[in-house]
Number of protein chains: 2
Amino acid sequence: MGQVATIKDVAQRAGCGVATVSRVLNNKGSASAKMREKVMTAVKELDFQFSEVGRSLQSNTTRTIGCVVPSIENPVYADAVQGAQEVCLDAGYQMLLICTNYNAEMETHAIRTLIAKQVDGIILTVGDVQNSEGLDLIRSRTLPHCLLYNTAPAGQISWAVDDHAAGVKVADVFFENNHKHTGFVGLDFLSSDRARQRFEGFSQGCANHKMTPPALLEVGDNEDNLTPQLDAFLKRHPNITGIFASNDYRALATIRSARQLSIDVPRDMSIVGFDGIKVGQMIDPTLATIVTAPRKLGAGASQTILSMITGSTPLQLPLKEQTFSFRAGGSLMPLAAESKDGEKVAAFPPSDDQTYKKAKIQQERST
Amino acid sequence: MGQVATIKDVAQRAGCGVATVSRVLNNKGSASAKMREKVMTAVKELDFQFSEVGRSLQSNTTRTIGCVVPSIENPVYADAVQGAQEVCLDAGYQMLLICTNYNAEMETHAIRTLIAKQVDGIILTVGDVQNSEGLDLIRSRTLPHCLLYNTAPAGQISWAVDDHAAGVKVADVFFENNHKHTGFVGLDFLSSDRARQRFEGFSQGCANHKMTPPALLEVGDNEDNLTPQLDAFLKRHPNITGIFASNDYRALATIRSARQLSIDVPRDMSIVGFDGIKVGQMIDPTLATIVTAPRKLGAGASQTILSMITGSTPLQLPLKEQTFSFRAGGSLMPLAAESKDGEKVAAFPPSDDQTYKKAKIQQERST
DNA sequence: AATATAATTGGAAACGTTTCCAATGGGAGG
DNA sequence: CCTCCCATTGGAAACGTTTCCAATTATATT
């Protein structure tokens, strides 16, 4: 960096003290018209701009908020970060972003770094809310922070999808469409708190409707060879007619694998995903899914943080039920009414495009 | 923020001067064993951590690099940012992220902000390299910076896909698969420099092979009603057998619209996309596309910036041809050899799954 | 014109670091 | 025991701001 002008340079050029320059530029305190003038021209000539680091040191404030998420390669987080970032920017804050790659050690390190950088607040998604070294660090400094996509521990604020309620909703939808025997495809639960919540809600919902408890297929994060696992799974549970996948990618993978096993979606099997990624509506069949609003969650987290910082009254959290909605799609169709006995084979509607379309429309109205 | 301990507190508690604390903690200069000891315990007791802002003021360095991109809702940028961020983090730098939403005013403001924040370098994607106020600001301060996804102006470094060469490659691929009459679907070019480059390369490639110049379909960013536009387009150019879409989303939309027009992909029409998004391989047919490596580009940009900062020898840019590769997929299949006359209807292979599969395999080998 | 009051101004301290430099102390060698 | 040298140590300045406060100047009121 070639030498940049400081407030001293401006003062010298304008022929006044630094205090005057500061007052003029910040519109704080009094200054005569001619002084204003002189300062302004000096600023122009030197192309002066305040150094935020000098300011930060003096004000004990950085106007920066930290954001810690696992990875923005996941569009859910990317969108949330974008939403959060926009709100920050509008309020004159900048965002320091750190991705942890789902690594607890990185997470702790990231938070330590943000604390050292003196951020005014932190928005974060941690791996384990109950046991997070980073979170403890934050708490011990009473630094404003707000969780994102974590289920809030008691008395804490978190902007997150209510995974459990969403799971219940999916069970409701399957029930309304006459599917009584269902399955759940998810990543092994150890690594994902959220998938577990979805499953538990789904189980609960099935129980509410006296449906068979959902069969569980846990897969590794290796999405490629889902087909053999799905095959074995469906052989074990032959009367399943509906599958809830823990996210949209997994739902797509499931559809693909089903197709490889000559199982048509939605004729032979209905699939519901989770997240509501954009492509879900661009493919055929379109993907029925729980759609979430990551941008809004991110934006909300930012607003919460900002209100904590400014001390203004904190934003109301959305109702749990408003953190998601069901979107109908071609991957889910109602089972013919006479299928209530669960005799899957007998339940197929005739293989007729018209029928399918009607079913889809009906389905769309049901939301 | 409850009062945090400063170096003075540590010094007081350890019974020494601040200089000693600084020396001990930075392992710089000499210090006796017992002093080290005392300082360390004081640090533990107070849970002390250096304030980076004090440091920054003194060292005229923030160990922060700024990153300006249009939007991380676009996975291409999200991945690039993630790659860049990781490299920065590994080098002990943090990343300040600002998304401009494709808005030139925001872009300028973002850069101004980053300069005020005294970032040590900037990675940026601008809307118009030739005419960017922000870029001028950076240049006038001789601040280390590196372009990303912009075609580099003379003498500048930019980590970007060679869109032109990629366009040529797509033409090559169509040629190898006997497609002579092609089209290009892209956003109106005013807003996207890159799409234009792709089109120009594609045209060039078609010319190289003495194919008909590609027909151009410019669509608005409203992806929903592509169908009528595609219909009109194909009526105007009835013998088109291959379409190159300016990105994967548009390719998927094109496939969907084609299907609505009862045009089967790939039987009646081959489609090639651009970007190589993940879902392209999860759908049916899989999407033939130009795959790019956004993470690598982002990481490369970071390395360039870091080497500029440290003054080490700058990383070699990748060869233009290495910034992308073609990935075969089910959405592209060869036209039967006897179709060279362009008589599309006569060219259909028999509607036989086996044939399709063979065609695909052959296609995959051709890369 | 003299005084009281208000507006304007600049010096200096403070924020948390690093680093220069001078001062102190201890040990070795004479 | 004296001297010299080196290791250790702390005071102070500097980095770029803001803001308190005292000093100066301008304006209003008699």
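The figures here come from the full heavy-atom set of this structure, side chains too, leaving out hydrogens, waters and symmetry mates. On a predicted model such as this, the values are computed, not experimentally measured, just so you know.
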Take atom CD in B:E45; do more than 12 heavy atoms of anything else shown fall under 6.0 Å from it? yes

For DNA chain C, which residues of residues 26-44 of chain A approach it to below 4.0 angstrom with any heavy atom? A:S30, A:A31, A:S32, A:M35

A:E52 CD to D:dT18 C1', straight-line distance once rounded to whole Å: 13 Å

Atom pair OG1/CG of A:T125 and A:N74 - distance to nearest 0.5 Å: 10.0 Å

Give the C-alpha distance, both sets of side-chain angles, the deciding distance and a yes or no for side chain to side chain contact (heavy atoms under 4.5 Å, CB included) between B:L124 and B:C67. CA-CA 6 Å; B:L124 74 171; B:C67 183; over 6 Å; no

If you look at every strand shown and take non-hydrogen atoms under 4.0 Å, does B:S22 touch a base, only sugar-phosphate, or nothing? base

Could you state the CG-P distance from B:N60 to C:dT17, rounded to the nearest angstrom? 17 Å

Enclosure of B:Q49 CD (heavy-atom neighbours >12, cutoff 6.0 Å): yes

Are there any protein N/O atoms within less than 3.5 Å of an N/O atom in nucleotides 23-29 of chain D, and if so, which ones and at what distance?
none

What is the distance, rounded to the nearest whole Å, between atom NZ of B:K117 and atom P of D:dG16? 18 Å

Side chain of B:A19: nearest nucleotide among C:dT17, C:dG10, D:dG10? D:dG10

Classify A:G54 by what it touches in the nucleic acid, base, sugar-phosphate, or nothing, heavy-atom distance under 4.0 Å. base

I want to check something: taking the side chain as every heavy atom from C-beta on, are A:L96 and A:I65 in contact at a cut-off of under 4.5 Å? no

Value in whole Å for how far the C1' atom of D:dC15 lies from NZ of A:K8: 8 Å

Tell me the interatomic distance from B:Q58, atom CD, to C:dC15, atom C1', rounded to whole angstroms. 14 Å

Of A:R55 and B:G17, the one whose closest nucleotide on DNA chain D sits nearer the 5' end is B:G17

Taking CD in A:E105 as the centre, count heavy atoms belonging to other residues, nucleotides or ligands within less than 6.0 Å. Is the count above 12? no

Testing C:dT17, D:dG10, D:dT17 for proximity to the side chain of B:F48, the answer is C:dT17

Got A:L135 and A:L147 here, is their nearest side-chain heavy-atom distance under 4.5 Å? yes

Hey, does the side chain of B:S59 come within less than 4.0 Å of C:dT18's phosphate (OP1/OP2), counting only N and O? no

Would you say B:R23 reaches D:dT8's phosphate, i.e. side-chain N/O to OP1/OP2 under 4.0 Å? no

Are A:I138 and A:L114 side-chain neighbours, meaning at least one heavy-atom pair lies under 4.5 Å? no

If only side-chain N and O atoms of B:T20 are considered, is one of them under 4.0 Å from the OP1 or OP2 phosphate oxygen of D:dG10? yes

Tell me whether the count of non-hydrogen atoms from other residues, nucleotides or ligands lying under 6.0 Å of CD in A:E37 goes above 12. no

Which one, D:dC15, D:dT19, C:dT17, comes nearest to the side chain of B:L57? D:dC15

